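Scroll down for the structure; my scribbles are underneath it.
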Amino acid sequence: MMKCPQALLAVFWLLLSRVSSEDKVVQNPLSLVVHEGDTVTLNCSYEVVNFRNLLWYKQEKKAPTFLFMLTSSGFEKKSGRLSGMLDKKELFSILNITATQTRDSAIYLCAVEAQCSLVTCSLYSNSTAEALQV
């Protein structure tokens, strides 16, 4: 009996942010390809003066789907095979996808929300996000 090779999953992600131009959010890796059944870790680091929340989204075709919001450091949030963790001291978050499946192929978005007033915050222009919009 012939076995089919494991399906490859393309996992792309970019980030969005709602912070001022002095703040920044960095993703690593920008894209990756994994085998079905693998575990994937996506990293999101940030430097935000008035940090409020970190949000994770999944975008398959149209508008992104909200996965979860992280507000407390060291707390791990789980949703099925997905889990996220936030470290406010080291200024980063990770998103883990365990036992990957072909339906996990998507763009994953990390968004940072800053606490602000009308005077202190503006929409952060992210060239990566703009370049990937079609």
Side-chain angles (χ1 to χ4, degrees):
M1 186 169 164
M2 201 165 129
K3 288 186 177 180
C4 295
Q6 290 183 328
L8 292 177
L9 305 173
V11 179
F12 299 99
W13 69 298
L14 58 106
L15 63 159
L16 303 173
S17 58
R18 291 180 230 150
V19 296
S20 73
S21 60
E22 296 153 9
D23 298 328
K24 69 179 181 177
V25 180
V26 178
Q27 64 195 44
N28 186 12
L30 295 176
S31 66
L32 64 137
V33 177
V34 297
H35 292 279
E36 189 172 11
D38 286 351
T39 296
V40 174
T41 300
L42 304 175
N43 301 291
C44 179
S45 60
Y46 61 90
E47 291 179 24
V48 179
V49 176
N50 296 309
F51 178 83
R52 182 173 176 182
N53 302 309
L54 191 132
L55 303 96
W56 285 99
Y57 295 88
K58 177 181 180 181
Q59 183 174 2
E60 294 175 277
K61 292 184 181 178
K62 295 183 181 181
T65 302
F66 175 75
L67 297 174
F68 44 76
M69 176 173 50
L70 301 167
T71 58
S72 300
S73 192
F75 178 73
E76 184 176 8
K77 193 153 193 176
K78 291 186 178 187
S79 175
R81 295 175 297 102
L82 302 177
S83 65
M85 190 273 304
L86 176 66
D87 186 330
K88 285 185 175 179
K89 183 179 177 184
E90 298 296 324
L91 306 176
F92 77 92
S93 176
I94 58 170
L95 174 68
N96 287 311
I97 307 170
T98 58
T100 54
Q101 301 173 3
T102 53
R103 65 184 171 150
D104 296 323
S105 293
I107 296 172
Y108 290 85
L109 310 164
C110 167
V112 174
E113 185 177 27
Q115 215 167 18
C116 59
S117 68
L118 293 174
V119 178
T120 61
C121 287
S122 62
L123 186 63
Y124 174 67
S125 175
N126 183 315
S127 59
T128 304
E130 291 168 2
L132 292 175
Q133 291 178 351
V134 179

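For clarity, every value in this text was computed on a predicted model and none was experimentally measured. For the single chain, residues carry numbers from 1 onward in sequence order.
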Exercise. In Å and rounded to the nearest 0.5 Å, what is the CD1 to OG distance from I97 to S83?
Worked result: 9.5 Å

Problem set entry | Value rounded to 0.5 Å, distance of OH in Y57 from CD1 in I107 | 15.0 Å

Exercise. When hydrophobic residues are tied together by side-chain contacts of less than 4.5 Å, even through go-betweens, does M85 share a cluster with L67?
Worked result: no

For this session: Look up atom NZ in K58 and atom CG in L109, then write down how far apart they are to the nearest 0.5 Å.
Result: 11.5 Å

Exercise. Do L86 and E76 touch side chain to side chain, with heavy atoms closer than 4.5 Å?
Worked result: no

Exercise. For the rings on Y46 and F51, is their centre-to-centre separation under 6.0 Å?
Worked result: yes

Problem set entry | Cluster check L42, V34: I/L/V/M/F/W/Y, side chain < 4.5 angstrom | yes

Exercise. How many angstroms lie between atom OG of S45 and atom CG of L54, to the nearest 0.5 angstrom?
Worked result: 10.0 Å

For this session: Measure from the side-chain N and O atoms of N53 to the backbone N and O of T71, and report whether any donor-acceptor pair falls under 3.5 Å.
Result: no

Exercise. T100 side chain to D38 main-chain N or O, any donor-acceptor pair under 3.5 Å?
Worked result: yes

Exercise. Is the shortest heavy-atom distance from the side chain of F92 to the side chain of C44 under 4.5 Å?
Worked result: no

Problem set entry | V40-F68 co-clustered via ILVMFWY side chain contacts under 4.5 Å | yes

For this session: Consider only side-chain heavy atoms of I, L, V, M, F, W and Y, link residues closer than 4.5 Å, and tell whether L82 and L32 are in one cluster.
Result: yes

Problem set entry | Donor-acceptor contact below 3.5 Å, side chain T98 vs main chain R81 | yes

Exercise. Under 3.5 Å, is there a donor-acceptor pair between the N96 and T41 side chains?
Worked result: yes

For this session: Flag the pair L95 / Y108 as yes when at least one side-chain heavy-atom distance between them is below 4.5 Å, and no otherwise.
Result: yes

Exercise. Do K77 and L70 have side chains that get closer than 4.5 Å, going by heavy atoms?
Worked result: yes

